[in-house]
Amino acid sequence: MVLVGLNLRPALSSLAPLLTRIQQDTGLSPLAIGALTTLPVLCLGLFAPLAPWLAKRLGPEQALAAALLLLAAGLLLRGAPLPVLLFAGTLLVGAAIGVAGTLLPALVKRELPAGADLMTGVYTMALCLGGALGAGLSIPLADLLGGWHAGLASWSVLAALALVAWLALMPRRRVGARVPGAAGSTRELLGQPLAWQVMLLMGSQSSLAYIVFGWLPTLLVARGYGEAEAGWMMGASVMVQLISALGAPWLARFGRDQRPALLLVLGCVAAGLWLLLLGPVGWRWAGVVLLGLGQGGSFSLALTLIVLRTGNSRLAGKLSGLAQGGGYTLAALGPLGVGVMLQFDVGLPVVTLVLLLVTAAAAGFAWLAGRNRRLDIDEHGQLVTRR
């Protein structure tokens with residue numbers, strides 16, 4: 001599970017530092033580049049709801065193996081020289097990550113029910129490490145391998161390694177095995193306000209995350225930093241996420257109410273964005289650290305809520321599909337919106353204001369989703385929200 005998690009971000013974070021080179025080589029407009037950064041996030045949302053369906057028919061283990069195979073293929077295709085294949089490979093990558101990322105919380109809930117929240121922090125830490133490696137090694141790999149095409153394609157090796165390890169070590173369960181007490185359809189989930197609150201929190205904080213993955217180096221260059229320094233600042237910020245990704249679920253265990261932890265990490269996101277884009281230049285590394293702590297903690301807690309707000313692994317899988325499907329679809333508007341603003345030469349102050357407003361919206365959803373509530377099945381087999 002940790003090695004799988006390591007593969008769920010390099011495909012996204014490795015693209016951003018190379019956007020300038022890709023644009024120069026392909027002649028794509030800023031709007032088209034914005035679409036390229038938006039496409040994988042949109043695919044996360046569109047394909048995440050397929051994960052429970054695939055898990056039911058293939059078994060979650062085999063469905064995850066298929067997603068890893070698709071990821072490796074998409075990464076190879078993304079390194080092809082034609083722009084149309086770059087977009088096609090990016091689409092496959094987004095679909096694969098959407099399915100794999102949705103399956104993991106349910107597998108954690110099933111295999112480690114007592115420590116599901118902390119295990120979620122562990123694989124989220126691996127996920128953040130993968131993001132940091134993608135951001136930090138993207139340009140060195142492109143230089144070493146002779147161009148951005150080979151640099152992007154090289155990440156397929158890590159995906160293939162994860163596939164081999166998963167096939168060798170995955171839990172062995174009979175396809176179609178029932179979970180005791182499992183019930184609750186997606187339609188029933190849509191009738192529960194708690195499910196919407198978790199989904200909207202996932203979407204708003206993910207929007208900020210993918211704006212950082214897709215546009216932070218570009219925004220930093222626009223502020224006056226060099227290309228290499230901007231890439232390392234993003235990589236360092238993602239690396240800092242390792243600390244809070246593991247620590248935030250542990251911090252949330254101090255109480256049944258996760259609102260204090262959520263508001264703390266979202267406050268760090270707001271402070272980090274302001275320092276990096278508008279604050280004093282001498283405080284830029286403080287902004288890097290705050291942004292990393294905030295984003296690692298907010299993403300880890302959002303995934304942890306999927307586990308904590310459900311009574312069994314089947315419900316966790318359904319809520320994961322809904323929260324990540326709907327959430328990532330909303331999150332796709334973030335990178336696209338930044339691309340549109342840059343297309344029309346909107347200044348950094350306006351971009352920063354928009355990002356802070358999104359952070360404030362995430363804090364509002366966190367206030368609702370962070371309360372001590374849980375989706376469960378009552379004695380009549382109906383889906384209910386328990387306090």
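The shortest non-hydrogen separation linking Leu46 to Pro49 is O-CD, 3.5 Å. Across every non-hydrogen atom of Ile306 and Ala323, the tightest pair is CD1-CB, 4.3 Å.
For Tyr123, the side chain to side chain donor-acceptor pair (under 3.5 Å) criterion is met by no residue, not counting sequence neighbours. With sequence neighbours left out, Arg374 forms a salt bridge (Lys or Arg N to Asp or Glu O under 4.0 Å) with Asp376. For Met239, the side-chain contact (heavy atoms from CB on, under 4.5 Å) partners two or more places apart in sequence, or in a different chain, are Leu129, Ala132, Leu242. Residues that satisfy the salt bridge (Lys or Arg N to Asp or Glu O under 4.0 Å) test with Asp25, not counting sequence neighbours, are absent from this structure. Every residue meeting the side chain to side chain donor-acceptor pair (under 3.5 Å) condition with Arg284, not counting sequence neighbours, appears here in chain and number order: Glu229. For Ala160, the side-chain contact (heavy atoms from CB on, under 4.5 Å) test picks out no residue, with sequence neighbours left out. Take Arg259 and apply the salt bridge (Lys or Arg N to Asp or Glu O under 4.0 Å) test, not counting sequence neighbours, and it matches Asp257. Partners of Leu353 by side-chain contact (heavy atoms from CB on, under 4.5 Å), not counting sequence neighbours, listed by chain and number: Leu357. Under the salt bridge (Lys or Arg N to Asp or Glu O under 4.0 Å) criterion, Arg371 pairs with no residue at all, not counting sequence neighbours. Partners of Thr310 under the side chain to side chain donor-acceptor pair (under 3.5 Å) rule, at least two apart in sequence or in another chain, do not exist in this structure.
Without hydrogens or angle criteria, Trp148 side chain to Leu19 main chain gives no donor-acceptor distance under 3.5 Å. Although no hydrogens or angles enter the test, the distance criterion places no donor-acceptor pair under 3.5 Å between the side chain of Ser237 and the main chain of Met233. Between the side chain of Ser320 and the backbone N or O of Thr102, at least one donor-acceptor pair lies under 3.5 Å. Checking side-chain atoms of Gln23 against main-chain N and O of Leu28 turns up a donor-acceptor pair under 3.5 Å.
The list of salt bridge (Lys or Arg N to Asp or Glu O under 4.0 Å) pairs with a residue in residues 293-310, not counting sequence neighbours, is empty. Under the salt bridge (Lys or Arg N to Asp or Glu O under 4.0 Å) criterion, no residue pair touches residues 83-103, with sequence neighbours excluded.
A 6.0 Å sphere centred on CH2 of Trp367 holds no more than 12 heavy atoms belonging to other residues, nucleotides or ligands.
Hydrophobic cluster membership is shared by Trp215 and Val212, with clusters built from Ile, Leu, Val, Met, Phe, Trp and Tyr side chains linked at under 4.5 angstrom.
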